[in-house]
Amino acid sequence: MFKVIKWLVLLIVVLGLAGTALVYGVLSLSMPALDGKGQSTAINKPVTISRDALGQAVINAQSRNNAAYGLGYAHGQDRFFQMDLLRRNAAGELSELFGKAALGLDKKMRFHQLRKRSRAILNTLPESDKQLLNSYAQGVNEGLAQVGFASFEYLLTGAAQKPWQSEDSLLVIFSMYLDLQSATFERDKALIHIEQAYGQHMVDFLTQPSQYQAALDGSKFAPFTGTIPQLPAQAQHTVKNIQVNQERGSNNWAVTGAHTQTGAAMLSDDMHLSMAMPVIWYKAQLNYQQNGEQAQVTGVSLPGAPAIVVGSNNKIAWGFTNGYIDTADWIALNDDSKTWQVNEPIVMADGEREDYSLTLSEYGPVKYINKKPYALSWAAHQPYAVDMELVKLEQANTVDDALAIASNVGIPVQNLMVVDSQGGAAWQHIGAIPARKTPSELSVNENEYSPDWQQNEHQRPYVKNPKNGRLWTGNSRVVSATDNTRFGNGGYALGARSSQIRDRLFEKQSFAESDFYALQLDNQARFLTPWHTLLLNQLKKDKAKNAQYISALENWQQCACASSVGYTLVKHYRSTLINTVFASMEHALNEQDATLKYVKRDLEPAIWQLIKGRPGSWVNPEYKNWDEQLLGAFSDTVTALRAEYGDNLQNWQWGKVNALNIEHPFAKQMPILAKFLNMPVAPGFGDSYMPAVQGKSFGASQRFIAQPGHLENAIMAVPGGQSGHPLSAFYRAGFSDYIEGKHTPLLPQTLIHQIVIEPAR
């Protein structure tokens with residue numbers, strides 16, 4: 001009997017090893033070749049695609065079009081499935097990959113008709129831009145063809161790989177609109193609901209200016225001086241977790257050459273986005289001839305587009321944060337407003353088609369809010385929304401050159417921070433801004449609609465070489481209070497992060513790259529300090545009962561540090577109290593298919609006014625008074641933490657509660673693949689409302705620091721590898737350096753692979 005069991009165990013082991021070998025064998029067929037030679041009709045001079053030990057792609061070509069071909073080739077080899085998801089998501093075509101499970105998301109995206117808009121815009125682009133996109137698309141398709149076998153994602157879904165088209169690159173830019181700006185019109189929609197249910201006074205109360213204001217000119221809004229509105233009688237409700245919309249934001253800042261040892265200005269930029277495998281950015285360097293001169297630009301690209309998004313040409317360096325000015329309005333339609341229906345057929349994975357009926361108007365697509373029709377006018381729907389003008393930054397020599405380009409670039413509006421080797425530094429909005437002059441956070445009447453929506457705004461404020469030598473943005477208001485009337489609030493960040501960055505920049509007179517990196521990693525909890533004081537005072541009313549929590553709070557280290565239990569308590573307490581106080585409003589909005597999610601980060605000034613004023617109508621019916629409500633919120637906090645992390649407070653350390661877990665989308669659906677596809681789980685470091693932004697699957701998608709003319713010290717750290725193939729040596733390359741805060745070089749290091757593509761005769 002023992003021998004039989006022994007042989008069975010041995011057989012299982014052998015079969016397991018054989019199965020593993022078979023899986024690896026199949027997967028290895030889709031590994032791209034990184035060395036060799038080839039030919040192409042898409043180029044007129046040889047193109048070289050090299051890679052260093054981290055997989056950073058280095059393209060050498062004789063023209064920008066040929067360089068676009070080389071970048072496309074590298075993207076096609078390493079990231080095609082990611083690119084496919086980006087174009088399909090924007091176009092509302094994911095059902096063709098994933099079937100009916102993606103139908104709801106596809107309908108949400110078809111509302112914007114971005115495939116049709118991409119085709120229309122492509123036809124209007126200059127011939128040179130069409131050629132650039134065509135060269136890139138040919139590179140993508142030939143790089144994909146070189147791989148030979150479909151990647152595992154296509155094997156699992158059974159879907160076919162469709163060739164890349166020029167219009168798909170425009171869809172990839174549109175995918176960033178959806179990621180970066182959709183919260184703007186969702187916030188307006190929520191405020192419309194609140195105004196209709198509670199009145200304008202409630203809207204003013206909930207969106208009042210905060211104490212955290214960090215505009216570059218120092219201007220501040222006057223504080224809210226109105227009374228606290230009366231909340232209607234509340235029914236007993238289970239307190240819901242009011243989700244908060246993640247800030248698709250970022251940090252950037254700069255100092256002029258007066259504050260560096262080299263005399264060149266210095267830039268820092270870290271863009272905050274959701275993190276998944278593969279990571280969104282792809283490190284690349286393009287080397288090519290332009291107007292008889294050698295051009296070199298190094299940075300991160302977005303797979304699917306032929307541009308370096310953030311980087312340096314060694315004369316300037318540039319980076320972005322999301323602008324959050326108001327780029328969308330809901331237009332209230334009348335009974336006699338002209339509307340019409342169009343059909344958007346959605347194809348399923350099995351070839352079946354489902355029709356999606358969409359109502360359109362001359363102002364934009366139509367949605368019902370409280371059973372009334374509203375049309376959405378949005379910058380992304382306009383003909384100036386996307387183009388290839390961003391590529392021109394590669395040829396800029398000074399900040400003035402960059403500022404002259406900024407207003408013509410078709411991307412979601414960003415805060416451009418740009419520095420040059422001569423010591424100059426500047427900020428300006430870059431991207432599509434509607435020329436209408438009176439943005440609104442509520443609805444606009446049809447007779448107030450401005451035809452200026454059809455035009456891009458070219459008159460934009462900017463700040464160049466300020467006397468103090470410092471510039472900063474962090475998704476809060478950057479423009480003056482006066483200019484804000486013109487450009488509006490599209491969901492600005494609260495300003496705590498921007499304020500902390502600003503204050504840090506004034507703590508020193510001279511900066512090096514290491515100083516900027518330390519600021520990127522600054523996780524001091526300045527914003528939560530008042531909440532810490534509030535909670536500690538509440539718990540000290542019963543010191544014996546709350547002894548262990550008081551101890552944790554007194555040792556919280558005032559940072560989002562991995563070992564801090566006190567930080568976890570304060571963070572969760574704040575959220576629980578907001579959920580408790582605003583529970584009845586959230587329930588009322590949910591009944592209208594609305595939510596406070598998109599205005600939750602506006603609520604900080606209002607919640608403090610309520611805590612200090614203690615109006616009776618804002619006490620949740622679960623409690624008798626504010627004292628009970630404040631203590632009850634902590635009791636609920638502890639109950640929730642125990643349910644999720646157990647009774648041992650050491651498991652409540654912030655590094656465990658907020659651990660960074662960068663997952664592949666397939667691993668979420670098939671956990672058996674997690675170890676194979678995901679990044680190692682890393683202790684949480686950072687949070688919201690501080691420079692070091694980090695959530696469980698959200699944070700700094702890259703960390704970039706550069707002084708043009710001195711790029712040998714420049715940094716570009718990315719939380720994942722270049723390749724989307726899990727067997728590639730480049731799948732996880734660079735992740736550990738990112739987690740450990742090492743200074744990963746911007747410039748490519750020793751090249752270890754090379755592909756040479758010759759023109760086909």
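The figures here come from the full heavy-atom set of this structure, side chains too, leaving out hydrogens, waters and symmetry mates.
- The backbone N or O of K675 lies less than 3.5 Å from no partner atom in the side chain of N678, so there is not a single donor-acceptor pair.
- Formation of a donor-acceptor pair under 3.5 Å by the Y73 side chain with backbone atoms of A68 is not found in this model.
- Counting heavy atoms from C-beta outward, L156 and F666 have side chains that approach closer than 4.5 Å.
- Counting heavy-atom neighbours within 6.0 Å of Q290 CD, excluding the residue itself, gives a total above 12.
- Scanning all heavy atoms of the two residues, the minimum distance from I757 to S40 falls at CG2-CB, 3.8 Å.
- Judged as a salt bridge (charged side-chain N to carboxylate O under 4.0 Å, His left out), and not counting sequence neighbours, the contacts of D522 are R504.
- Between the side chain of N251 and the main chain of P691, a donor-acceptor pair closer than 3.5 Å is present.
- Counting only distance, with no hydrogens or angles, the side chain of S301 and the backbone of P303 share no donor-acceptor pair below 3.5 Å.
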Practice problem: Decide side-chain hydrogen bond (donor to acceptor under 3.5 Å, both in side chains) for Q56 and Q722; before the verdict, give the C-alpha distance in whole Å, the side-chain angles of both, and the deciding distance to 0.1 Å. | Solution: CA-CA 7 Å; Q56 182 170 359; Q722 288 280 96; over 6 Å; no
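- For F80 and H75, the ring centers sit 6.0 Å or farther from each other.
- The shortest distance between side-chain heavy atoms of V347 and S95 does not fall below 4.5 Å.
- Screening residues 54-74 for salt bridge (charged side-chain N to carboxylate O under 4.0 Å, His left out), with sequence neighbours left out, gives R64-E394.
- Contact between S701 and W281 at its shortest, heavy atoms only, is OG-NE1, 2.8 Å.
- With ring centers used as reference points, F81 lies under 6.0 Å from Y154.
- Between L178 and Q181 the shortest side-chain heavy-atom distance does not fall below 4.5 Å.
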Quiz item: Which is it for Q294 and Y288 under the side-chain hydrogen bond (donor to acceptor under 3.5 Å, both in side chains) test, yes or no, and what are the steps along the way?
Solution: CA-CA 6 Å; Q294 183 65 29; Y288 58 92; over 6 Å; no
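- The salt bridge (charged side-chain N to carboxylate O under 4.0 Å, His left out) search around D400 returns K464, not counting sequence neighbours.
- You'll find the side chain of I308 stays beyond 4.5 Å of the side chain of Q285, heavy atoms only.
- Under a 3.5 Å cut-off, the side chain of W164 and the backbone N or O of G139 do not form any donor-acceptor pair.
- Each of F511, Y517, W253 was compared with S268 under the side-chain contact (heavy atoms from CB on, under 4.5 Å) criterion, and only W253 meets it.
- Nearest heavy atoms, G699 versus M275: C-CE, 3.3 Å.
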Quiz item: Which is it for E758 and K37 under the salt bridge (charged side-chain N to carboxylate O under 4.0 Å, His left out) test, yes or no, and what are the steps along the way?
Solution: CA-CA 8 Å; E758 300 278 354; K37 295 183 178 180; over 6 Å; no
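- Residues satisfying the side-chain contact (heavy atoms from CB on, under 4.5 Å) criterion with A700, sequence neighbours excluded, are D270, H272, R703, Y738.
- What you find for A53 and F730 is that their closest heavy atoms are O-CE2, 3.3 Å.
- Under the 3.5 Å distance criterion, the side-chain polar atoms of T41 are left unmatched by any main-chain donor or acceptor of A760.
- For K130 (side chain) and N123 (main-chain N/O), a donor-acceptor pair under 3.5 Å exists by modelled atom type.
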Quiz item: What do the steps show when you test T321 against T473 for side-chain hydrogen bond (donor to acceptor under 3.5 Å, both in side chains), and what is the final call?
Solution: CA-CA 7 Å; T321 69; T473 82; 2.7 Å; yes
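- When all heavy atoms are compared, the tightest approach of F320 to M271 is O-CG, 3.6 Å.
- Contact detail for L390 and A307: the closest heavy-atom pair is CD2-CB, 4.3 Å.
- Looking at N322 and Q414, their side chains do bring a donor and an acceptor atom within 3.5 Å of each other.
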Practice problem: Determine, stepwise, if the pair N287 / Q296 fulfils side-chain hydrogen bond (donor to acceptor under 3.5 Å, both in side chains). | Solution: CA-CA 5 Å; N287 299 277; Q296 181 182 86; 2.8 Å; yes
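- Not one N or O on the side chain of N397 forms a donor-acceptor pair closer than 3.5 Å with the backbone of I316.
- Formation of a donor-acceptor pair under 3.5 Å by the D168 side chain with backbone atoms of Q165 is found in this model.
- The aromatic rings of F174 and Y177 sit tilted, their planes meeting at an angle between 30° and 60°.
- Listed by chain and number, the residues in a salt bridge (charged side-chain N to carboxylate O under 4.0 Å, His left out) with E167 are R115, R119 (sequence neighbours excluded).
- Within the structure, salt bridge (charged side-chain N to carboxylate O under 4.0 Å, His left out) contacts touching residues 67-82 (residues at least two apart or in different chains) are R51-D78.
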